[in-house]
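So the structure is just underneath, and the comments pick up after that.
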Amino acid sequence: MAFTFAAFCYMLALLLTAALIFFAIWHIIAFDELKTDYKNPIDQCNTLNPLVLPEYLIHAFFCVMFLCAAEWLTLGLNMPLLAYHIWRVQRGLRLRYMSRPVMSGPGLYDPTTIMNADILAYCQKEGWCKLAFYLLSFFYYLYGMIYVLVSS
Amino acid sequence: MAQPAGPPAGYPSHNGAGQQPYSNGPVANQLMHPSDGQGYSPSVPGSYSHQTPAKVPPHQSSGQYNYSGSQNVSQLNNYQGPGQTLNRPPVAPFSGSPVQQTGPVPQVLLPALQNSAAVSSAGSFPPGASPPVLSNWQYSQTPGSQPVGSQTSHLAHVTGTGSAQPPSSLSGNTNPPGNYQYAASPGGPPLQNSYMKPGSAPPPVTQPLTPLHPPSRPPLGPPPVGGPPLIRPSTLIAGPPNTQSLLNSAANREGDATSAASDGSVVQNSYDAIEGGGLMATPHPSPAPPNLKMNRSVGYSYPTLPPGYQNTSPPGAPGMQASALQYPDGSKHFHQPALGTNHLTAAMGGLSLQQEGLRPVNLLQERNILPTTLLKAPVPNLHEDIQKLNCNPELFRCTLTNIPQTQALLNKAKLPLGLLLHPFKDLSQLPVVTSSTIVRCRSCRTYINPFVSFLDQRRWKCNLCYRVNDVPEEFMYNPVTRVYGEPHKRPEVQNATIEFMAPSEYMLRPPQPPVYLFVFDVSHNAIETGYLNTVCQTLLDNLDLLPGNTRTKIGFITFDSTIHFYSLQEGLSQPQMLIVSDIEDVFIPMPENLLVNLNENKELIQDLLRTLPQMFTKSLETQSALGPALQAAFKLMSPTGGRISVFQTQLPSVGMGALKSREEPNQRATAKDIHLTPSTDFYKKLALDCSGQQVAVDLFLLSGQYSDLASLGCISRYSAGSVYYYQSYHHKHNPVQVEKLQKELKRYLTRKIGFEAVMRIRCTKGLSIHTFHGNFFVRSTDLLSLPNVNPDAGYAVQMSVEESLTDMQVVSFQSALLYTSSKGERRIRVHTMCLPVVTTLSDIYLGADVQAITGLLANMAVDRSVSATLSDARDALVNAVIDSLSAYRSSVLSIQQPGLMAPYSLRLFPLYVLALLKQKAFQTGTNTRLDERIFTMCQVKNQPLVYLMLMTHPSLYRVDNLTDEGALNINDRTIPQPPILQLSVEKLSRDGAYLMDAGSVMFLWIGKNCGQSFISQVLGVPNYGSVPQNMTHLPELETAESIRTIAFISWLREQRPFFPILYIVKDDSPLKSSFLQNMIEDRTESALSYYEFLLHIQQQVNK
């Protein structure tokens, strides 16, 4: 039983995933508040937009860590979400810099379109899916960490 | 009554004062009113007489009954059919008889008394007009109250009213609006304002009530007759007043607010004016044409409202007495008609309609499908008593008047579900309610409306969330009839459109004063165009007409590469200019005196407006710092909120928000890569900031070159402002634009305005709002933030069916607009619409409203062009036609026939979509300027449906052979009604003259061989060659042809709040291409002809 780099990665991922779970919950609550009319979309977007990049960066960060630790299975499991994030960022950038410079600050949510039923529903669904993913991966990392610790 | 008043003179002022006494409440009123009631009674009789002219007053009542009687019959029939509820019939009879009886008697006695009494004044004088209406109402109501039994149904009153109009109304009145009486009179807005004041006072109250009936009448045909009778009764009471009232009414028709007000004052009092409005209907000498127009003009007649209720009481009072006498017990039971589709009607009376509606039309074979008169909105298939109460389709319209039960069914129909609203339209008749409690559902906050159901006297069931609510004690008293215990007769439950005076709970802060800030571009380029002269002059002329009160504030900012403020401090001999050259960090040079009270500083302001155009004539500064100027304006306005009007003539070039030209002229024709999206979010963010501070920005863009309206327009779009665009404005080179600016600016300055507004749209549980279209900021799923609201703005809403609407016969939609009027009152305008739910595809197609569908699709297409590409949007439009027609073909048509089959209701769908494709916003292949295209898109989003449809598919009339055949008669004017022609060059003949009405512009095309008589007698020139190139006015000649033509054109103009300019087009004039571009059915270089388009659709449908 030795404390390997892989074990460290899992421990780090465990902690960071816990943070991401909070992000996801916050995201869900925020959109629920929007839907039920408790919050002004401008304020809500102002609080949500700064969280988007940190979330993506955290996730990308431990993906890189897993890459370094050569944990291919774990990396593979994270690839879909990573790809999705890249797609969203790229789409956001394209909209911003190519045709639709909707926002000057970083972020994905535009207060003038966020109340559109389609976008709102999409964002809510996204929140739930991510929460489920992070929860599952949280336990997976826990398992992975113990497995690495025990097997090595 | 406290109201005093004796002298009529006092009334005008009332508004404010009068209200209070009334407003309180029913209870107080009850006590007080008895005496008043008597006074009012006279008026009541008047109304009666109105209805049945021939009969003596007592008989009159019977006359009315006749109506009711007939109705009853019909109702019975109805009931028999589908097993709808039954109770209705009884109600009608009750109402009719009792009321009338009471009516006549009281009248005679009371008149004298009332005159003396102040309260009565409202009722008594105007009596003629308003009373009649009221009387109707009362009748219906009283009957309701009288009927014995428990009031199970709230709708009972409905029946009562219905009785007056009954069957005839449905069949006779093609125009639903007419019934409602909300007719929009051109003068509407101003009038309203004037009315409003009175409205607050008791008099208005009476009016509102009355309105309902009068309008209905005209359609029936009796109206003309009714007029005289009304007069008589009133004359009996008091001769002079009547005549005056008549005069007033006439004046009112004019539509000029000022005139109306003045008339009122001249006559006896302000009330008169109001009432006069009511009378208007009666005076019409000519038989009432069953035309919308007519109704509109009549519209005035409807008194504005019943705020004080007290006014209404007059009629009520008599009714009360009668009822008391006859039905002392006071227990009443009304049955309301079952909500829901009127199966019987559909089966019987509606038979022809239904067949007609479902009859498949082979579009390829039937060439002449365009109706020769303006298309009317389809009437929802509801029980007629409910339909009678339904919202005017000009205000509130649904794309599908039969709502599909499930989303799956909606998807199958391939038609969009949505609402089109014109919530702040100028109304000549608007009931206003002042009461300390506004009755709303406790769970969903819906305002009580005509479509709720009363379980018993004490409880009502919300028609949106189905919660059972208590009826507040105060609501039990009906101020209109002064009867206790008939909540279902209250005006709130009798009118689908109503306005409440909001108590302080509806204010987040004290109502703001009207604040207007004007921001002028004074760079060299702007001065070159000379617009400042026009704008300042127009502003000077209309300074006194700006909506507002003693608190009105006004300010000015000008900018080039620096920003100039103007201190209008009291005591200065002339305005003082302050220049801020730090445009990177704009600040306000002095905290006060930049926005000043209009009334107290009028001379300084006028002085400034006179000197402003000359101040910059030598300026050589070409830069434009629009962004910083807007930031400065925002800072100046943010403490109060209000309206910023920006005049800009070029691309902003320095400071924040500077833009670069993105237009590439050689790519204009292609649908690819054109910049419909903003290039910066500066303007959007600023607009959101403005919206948060209740500031709206209206943009007037007058530029010759590309100015990136796509980016600039955001400032108005998200702050609920409006955009005006005058391409290539120049005071010398483009005189037509100058006139257009003058007219539109006048309308802009003087129209009604609501500040710090929000609009909420509620709908029955199961339906949900998908997307909003228009200029506003969406603050929550059903709430729009509108820093300013103006009567020329329309909105569209896409809906979806979230949960299946099983077990529901009807659904309702309610829009509530909370705003601060220019007088500093907080008001809520509520519109409620009720529609039936259906379960089959064929019913959905039957109820499709093709104009509303086209309007909603146009809005969706604008969104699509911005979020995707223009060609995507065009494809989506074509697909909408293909999908819906194929769905119809595969699911509804049992027999597959060759050709392109469309349901009758959608027969114009392909034509309208083709018109959209050829409209500036969506056309390809032509050299449309980017700004112009975007401006048209702004218009699509912001225009009410009526004008959007005219803009999309103009009306073409032949005017060189106008005759009086089928003409309308309004106010002694004969208005010819030429048929609408198809928009095809083949309909044009070289020896004719044609008028094309495209909403905001009109073209009069003169054929080369046009009859000499037309040229000389209408145009006033000797021959075709001497028709001037830029002619925009028709001379007023004393010839029959000229009078007819001018009457027709001015009639068309009167129907809209703005002033369409008339261009006279010859074969060689430059405008010919604009005229021909509107020939939608013809082929152009890049677009299909209508027939080709149909073939294309057919090919796709039959795949």
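Throughout, protein chains are lettered first and strands after them, A, B, ... in sequence-line order, and every chain is numbered starting at 1. Any value given below was found using the heavy atoms of this structure, including those in side chains, with hydrogens, waters and symmetry copies removed.
- The closest donor-acceptor contact from the side chain of Ser865(B) to the backbone of Ala861(B) lies under 3.5 Å.
- Atom CD1 of residue Ile761(B) and atom OG of residue Ser768(B) lie 12.5 Å apart, to the nearest 0.5 angstrom.
- Between the side chain of Lys635(B) and the backbone N or O of Val586(B) there is at least one donor-acceptor pair closer than 3.5 Å.
- Note on ring orientation: taking the six-membered ring where Trp is involved, the planes of His59(A) and Phe62(A) are perpendicular (angle over 60°, cut-offs 30° and 60°).
- The candidate with the highest count of non-hydrogen atom pairs below 4.5 Å against chain A, out of Cys714(B), Ser780(B), Ser785(B), is Ser780(B).
- For residues 796-805 of chain B, heavy-atom neighbours of chain A at less than 4.5 Å comprise no residues at all.
- For the residue pair Ser711(B) and Ser679(B), a side-chain donor N or O sits within less than 3.5 Å of a side-chain acceptor on the partner.
- Contact residues of residues 114-127 of chain A toward chain B are Met115(A), Asn116(A), Ala117(A), Asp118(A), Leu120(A) (heavy-atom distance under 4.5 Å).
- Ionic pairing of Asp708(B) and Lys660(B) is not present here: no N-O contact between side-chain nitrogen and carboxylate oxygen is shorter than 4.0 angstrom.
- Atoms CG and OH, on Leu81(A) and Tyr56(A) in that order, are 8.5 Å from each other to the nearest 0.5 Å.
- With Arg779(B) contributing its side chain and Leu784(B) its backbone, the two residues share no donor-acceptor pair below 3.5 Å.
- Side-chain N or O atoms of Ser719(B) include none that pairs as donor or acceptor with a backbone N or O of Ser691(B) at under 3.5 Å.
- Ring geometry for Trp87(A) against Tyr84(A) counts as tilted: the plane angle lies between 30° and 60°, on a 0 to 90° scale.
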